[in-house]
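Beneath this line is the structure, given in structure tokens, with notes to follow.
Since this is a predicted model, take the numbers as computed values, not measurements.
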Amino acid sequence: MHEEQRGVVTVVAAFHINPGHLDAALPVIAACVKASRQEATNLAYTCRQDLDDPSHFVFIEQWRSVAAIHEHEKLPHFLALKALFENGLAGSLHVTLLGDVDSLS
């Protein structure tokens with residue numbers, strides 16, 4: 001991760017769930033979204049499901065800092081999502097960290 005990033009960090013994470021894991025995945029994803037929104041350093045947290053491909057999900061998150069993301073990754077709701085990914089992912093998890101352009105100058 002980019003430790004030098006100052007200010008708000010946006011995370012975009014895209015993945016596919018194996019169709020056989022979809023029913024088990026939905027409550028884990030929903031619980032992670034709900035709990036993550038309660039974290040003091042979270043500014044926005046949502047997960048979207050592709051209307052044309054129900055196994056495709058995209059998380060869009062905003063955090064106060066990279067350090068906040070590191071703390072988030074230690075919490076039970078994130079660890080439950082990570083455990084789901086260990087057996088439930090179809091393909092790779094693609095994560096992009098984005099900083100505001102105005103914070104680069």
Side-chain angles (χ1 to χ4, degrees):
M1 290 186 138
H2 302 279
E3 299 300 329
E4 70 279 359
Q5 172 62 36
R6 303 257 186 252
V8 174
V9 179
T10 299
V11 178
V12 178
F15 57 92
H16 286 82
I17 294 290
N18 285 319
H21 287 87
L22 198 54
D23 287 343
L26 290 174
V28 174
I29 292 169
C32 186
V33 170
K34 183 177 180 180
S36 297
R37 288 177 177 164
Q38 302 303 311
E39 293 179 51
T41 57
N42 178 260
L43 302 172
Y45 200 99
T46 189
C47 183
R48 300 289 187 229
Q49 187 176 26
D50 189 322
L51 295 176
D52 294 321
D53 179 358
S55 71
H56 180 215
F57 294 85
V58 178
F59 277 88
I60 304 164
E61 314 166 20
Q62 286 190 318
W63 296 93
R64 293 194 188 277
S65 65
V66 172
I69 297 168
H70 288 309
E71 290 305 310
H72 165 68
E73 291 172 343
K74 297 175 186 174
L75 297 175
H77 52 275
F78 179 84
L79 294 174
L81 186 66
K82 186 176 175 181
L84 167 73
F85 289 168
E86 289 176 12
N87 296 315
L89 277 188
S92 300
L93 172 65
H94 302 280
V95 178
T96 304
L97 298 180
L98 304 167
D100 288 334
V101 172
D102 62 352
S103 71
L104 300 176
S105 54

Answer whether the closest heavy-atom distance between the side chains of [X] and [Y] falls below 4.5 Å.
X	Y	result
Ile17	Leu84	yes
Leu81	Ile29	yes
Leu26	Phe57	yes

Side chain to side chain donor-acceptor pair (under 3.5 Å) contacts touching residues 15-24 (sequence neighbours left out):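 Applying side chain to side chain donor-acceptor pair (under 3.5 Å) to every pair that reaches into residues 15-24, excluding sequence neighbours, yields His16-Asp53.
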Residues that Phe59 engages under ring pair (Phe, Tyr, Trp, His ring centres under 6.0 Å), provided they are two or more places apart: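 Once residues adjacent in sequence are excluded, the partners of Phe59 under the ring pair (Phe, Tyr, Trp, His ring centres under 6.0 Å) criterion are Phe15, Tyr45.
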With His77 via ring pair (Phe, Tyr, Trp, His ring centres under 6.0 Å) - residues at least two apart: His72
same_hphob_cluster([X], [Y]) at 4.5 Å side-chain heavy-atom cutoff:
X	Y	value
Val95	Val33	yes
Val9	Phe78	no
Val28	Leu75	no

Arg37 atom CZ: more than 12 heavy-atom contacts under 6.0 Å: yes
Can you give me the closest heavy-atom contact between [X] and [Y], atom names plus distance?
X	Y	value
Gln62	Asn42	O-ND2, 3.3 Å
Thr41	Ala68	OG1-CB, 3.3 Å
Ala14	His56	CB-NE2, 4.2 Å
Leu93	Ala13	CD1-CB, 4.3 Å

State which residues pass side-chain contact (heavy atoms from CB on, under 4.5 Å) with [X]; sequence neighbours excluded, sorted by chain then number.
X	value
Glu71	Lys74
Ala30	none
His94	Ser92

CG on Leu97 to CD on Glu61, rounded to 0.5 Å: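 Going from the CD atom of Glu61 to the CG atom of Leu97 covers 9.5 Å.
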